[in-house]
Structure formats: structure tokens, C-alpha cells
S.K.: 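Mind looking over this structure? Questions follow.
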Amino acid sequence: MSRKLSSTPKKDGFRMPGEFEEHDGCWMIWPERTDNWRLGAKPAQNAFVKIASAIAEFEPVTMAVSDEQFSNARQMLPDCIRVVEMANNDSWMRDVGPTFLVNDEGEVRAIDWEFNSWGGLVDGLYFPWNKDDNVARKVCEIENIDEYRTDGFILEGGSIHVDGEGTCIVTEECLLSAGRNSQLSKEEIEETLKEYLNVEKVIWIKDGIYNDETNGHVDNICCFARPGEIILAWTDDEKDPQYSRSKSAYDLLINETDAKGRKLKIHKLYIPNPIVITKEESEGVDSVDGTLPREEGDRQAASYVNFYIANSAIIFPLFNDEKYDKLAEEKLKEIFPDRKVVGVYAREIILGGGNIHCITQQQPLGENKCEQVSYS
Ligand code: KQY
């Protein structure tokens, strides 16, 4: 049984660990909606199989799947991947899944943020989103994990990164967007993050990746490699609209300190050449009122920073970019000398609006069992 807690993680001594800390496993959701994934979602399903299989080499993977797709997913996925039935509106487990927490005794709890499809009726990406908003709760039920629900406070897991030692990083573009918590001031949003993630310091960079339909999720532009070290998506091309965004983040971060007072080391990770939707790709997506259309010529928010840190590995996106795929691999190997760096071709995922980090959610290692209730 999983309880809904009325306290806050900070009051109870729980914190969000860094992604680089040890995992119990990884959660994903199977893609199927044909107004986001082209050709009946088949190419995306093949890409999800490759990504899940790559992660499963290093930690257990669970795939949540709708009733309609259960047999198909079970047949396409290797046996080592657990497949559980779960209603959903799409496949972004980073954003709709629980944000897991740990305490010093190794107990695990989670935050169940209210989800509104990245902007609700203001600029959300599809309607409705009620099944997605139940996903975190259902994962906690399966795992017997108690949760903190933030009714009235909207957030997605891709819009925060933490170092596990008191520092959180976010973008203003996303957290101050009109479709999320516009009734709250920046200070009130920061206080909520401190209370739920149990951090002392929130670093606000201005913008995320150019044209990111999530209103600039931080997980596409920068992340912590470890406490004190940040990886930042970068381009030297001053004419690229990404340049001023990355430069502004760099200038802020290089002058910042984290919650422990450390100066930050910044690793620049070059973005690929622009990824643009082709006519054929656009025509493969069903048009539906209320869903963001996929138009030929639109530039996608492609970035190698959108990788997943698995136990002893990095699973990062490849775009068939001769120069920058190789550069990204070399850079990630340099930053993570103790992890195996594995690239997976991910064009089909970026065509849907995100990447490997957006479709995964790590569950930290821990006792992860809440109190057993006696029915006698
Ligand atoms: O975290 C993400 N990047 C999710 C993007 C949602 C795209 C919906 N079409």
C-alpha cells in the first residue's frame, strides 16, 4: 500500500538524489499516439525497444503500457524488461512519473507533481492529460512507495535537475511560463522547490534549448555530471539562435556557486547540426485538434545533454551526425571515465518532442517499502 502524505519531504528528511547515485531501476512508458509519433508509432516503438534494451544491460527496466498495446509491447521487448499495464496519454515518464526521494536510512518516497501537459489550456501539448496525471500515483502503488502530491503546483520532472547535495537548477523560461504556476511569484515557486526537493539553493538559468516545446526544460540544456560539475549544451555559431541561450547560461553558471559554496566546473557539449522535420516525417503524423502539429521544416530541440545516467553507464542520443555524434561520445567518455558510454539512434524520439532523458525515470536504490498495514 502507498500512502498520500500531507507533510513535505524537507520536514520528513527526504531529498531528491542526483541521477548519478545508485538506481534500483528505470521506468518508461510505451509510445502509441499517432498524432505525435509517425507511422502508427512503429518507428518510435522500435527506438524505445533499443533504448530500454540498452538501459537493461545496466539496471532493471519496467515499461508501462496501455491495455491496447500490451501484447504488442510484450512481444517487441526482451524478456528481461518488466511490462506492466498502465493507462497513459503519452510516453514521457520523466515528466509524468514520480520524482523519487531518499532519506539517510535508505527509505524511498516520491513526489507526485500535478501535471498539465506542459502548459494546460494556455499552451499545453495535448488534451486531455488525466491519464498521465495518474501515472506517478500508479507507479508508487506498484512499488509500495509513499508519495507527496502537489495539488495546485504544476511541474514536470524534466524541468528540474539536482546535485543531491542541496542544489537544484531550473530555467525561468519553463518554471515562470504562463501555463504552469502563474498565480505564484518566482520566490514562491523557489520556496516550493526547496520544500519538496529538500534543497537549499535554486539556480535559475534564463532559457532552455531553442524551439523546445516544453518551454525550455532544463534537462535538454544542462545537467549535473556530479556535484560541482555541470554539462551545458553548446554551439560556437553566433548566428544559431541557440548561441545566446547557451552563452547566457554559461555566463551565469561560471559566476555561480552551489549550495555547498563550490564554484561550478562547466563542460561544454556541442549540439548537433539542426534536426529539421522532413516532408515524409510530417506526413506520417496524424493531425488532431488540440495536439501540437509536426510541420515540415520545423527545427527540433536536439541536444546530447538529454542522456540517461544508468548504473555504471551513460545512454545518449545519436542523430546520424558524422561530426557531432562522435564529439559527444568523446566528451561524455572524458566526463564519465568510470561509466560505459552507449549511443542509441534517437531521431524518432526527437521527432516526438523530447529525447532519452525525457522518456526515462530512475528509481533510486533503497528499502523502498512503506509500512505494511494490518487488516486484522
Ligand atoms: O520532456 C519532454 N521533452 C516531453 C515533450 C513532450 C512532447 C509531447 N509531444
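First listed ligand is number 1; within each ligand, the first listed atom is number 1.
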S.K.: Ligand 1 and Cys358, any nitrogen or oxygen pair closer than 3.5 angstrom?
M.R.: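 No: no nitrogen or oxygen of Cys358 is under 3.5 Å from one in ligand 1.
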S.K.: Distance alone, cut at 3.5 Å: any donor-acceptor contact between the side chains of Asp12 and Ser7?
M.R.: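 Indeed, the side chains of Asp12 and Ser7 share at least one donor-acceptor pair under 3.5 Å.
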S.K.: For Lys186, which of Leu175, Asn181, Leu176 qualifies under side chain to side chain contact (heavy atoms under 4.5 Å, CB included)?
M.R.: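 Single side chain to side chain contact (heavy atoms under 4.5 Å, CB included) partner of Lys186 among Leu175, Asn181, Leu176: Leu176.
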S.K.: Which ligand 1 atoms does His217 reach within 4.0 Å, using its non-hydrogen atoms?
M.R.: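 Those of ligand 1 that fall under 4.0 Å from His217 are 1 (O).
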S.K.: On the six-membered ring of Tyr126, is Arg33 placed so that its NZ or CZ lies under 6.0 angstrom from the centre and within 45° of the ring axis?
M.R.: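 Verdict for Tyr126: a cation-pi partner in Arg33.
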S.K.: For the side chain of Arg74 and the backbone of Pro78, is there at least one donor-acceptor N/O pair under 3.5 Å apart?
M.R.: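 Such a contact is found between Arg74 side chain and Pro78 backbone.
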S.K.: May I ask you to check if ligand 1 and Arg294 share an N or O to N or O distance below 3.5 Å?
M.R.: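 The answer is yes, given that Arg294 and ligand 1 share an N or O pair closer than 3.5 Å.
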S.K.: Could you measure the distance from the CD atom of Gln183 to the CD1 atom of Ile189? Nearest 0.5 Å is fine.
M.R.: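 It comes to 7.5 Å.
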S.K.: Hey, which of Trp129, Phe48, Trp37 is the one that makes ring-ring contact (aromatic ring centres under 6.0 Å, His included) with Trp92?
M.R.: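 That would be Trp37.
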S.K.: Can you list the atoms of ligand 1 that are under 4.0 Å from a heavy atom of Gly352?
M.R.: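 Going through ligand 1 atom by atom, the ones under 4.0 Å from Gly352 are 7 (C), 8 (C), 9 (N).
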S.K.: Any N or O of Leu125 that comes nearer than 3.5 Å to an N or O of ligand 1?
M.R.: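 N/O-N/O distance under 3.5 Å: no.
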S.K.: Is Asp212 close to ligand 1, meaning an N/O of one under 3.5 Å from an N/O of the other?
M.R.: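 By distance alone, the answer is no.
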S.K.: Could you list the atoms of ligand 1 found under 4.0 angstrom from a heavy atom of Thr214?
M.R.: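 Counting atoms of ligand 1 from 1, those under 4.0 Å from Thr214 are 1 (O), 2 (C), 3 (N), 4 (C), 5 (C).
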S.K.: Atom OH of Tyr243 and atom CG of Asp236: how far apart are they, to the nearest 0.5 Å?
M.R.: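 Atom-to-atom, Tyr243:OH and Asp236:CG are 7.5 Å apart.
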S.K.: Considering non-hydrogen atoms of the protein only, which is the closest contact for atom 7 (C) of ligand 1, and what is the distance?
M.R.: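 Among all protein heavy atoms, the one nearest atom 7 (C) of ligand 1 is Glu213 OE2, 3.1 Å.
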S.K.: As an exercise, identify every atom of ligand 1 less than 4.0 angstrom from a heavy atom of Gly354.
M.R.: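 That gives atoms 3 (N) of ligand 1.
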S.K.: Heavy-atom contact check, 4.0 Å cutoff: does Asn36 meet ligand 1?
M.R.: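 Asn36: in contact with ligand 1 (<4.0 Å).
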S.K.: Run the contact test for Gly158 against ligand 1 with a 4.0 Å cut-off on heavy atoms, strictly below, and give the result.
M.R.: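 Heavy atoms of Gly158 never come under 4.0 Å of ligand 1.
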S.K.: Has ligand 1 got any nitrogen or oxygen that is less than 3.5 angstrom from a nitrogen or oxygen of Asp95?
M.R.: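 Looking only at distances, the answer is yes, because the N/O contact criterion of under 3.5 Å is met.
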S.K.: Checking side chain to side chain donor-acceptor pair (under 3.5 Å) against Gln362, which of Arg94, His23, Glu22 comes through?
M.R.: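 Of the listed residues Arg94, His23, Glu22, the side chain to side chain donor-acceptor pair (under 3.5 Å) partner of Gln362 is Arg94.
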S.K.: Checking a contact table here: which protein heavy atom is nearest atom 5 (C) of ligand 1, and how many Å away?
M.R.: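 Answer for atom 5 (C) of ligand 1: Gly353 O, 3.3 Å.
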S.K.: Please answer whether the main-chain N or O of Leu327 pairs with a side-chain N or O of Glu330 as donor and acceptor at a distance below 3.5 Å.
M.R.: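 Absent.
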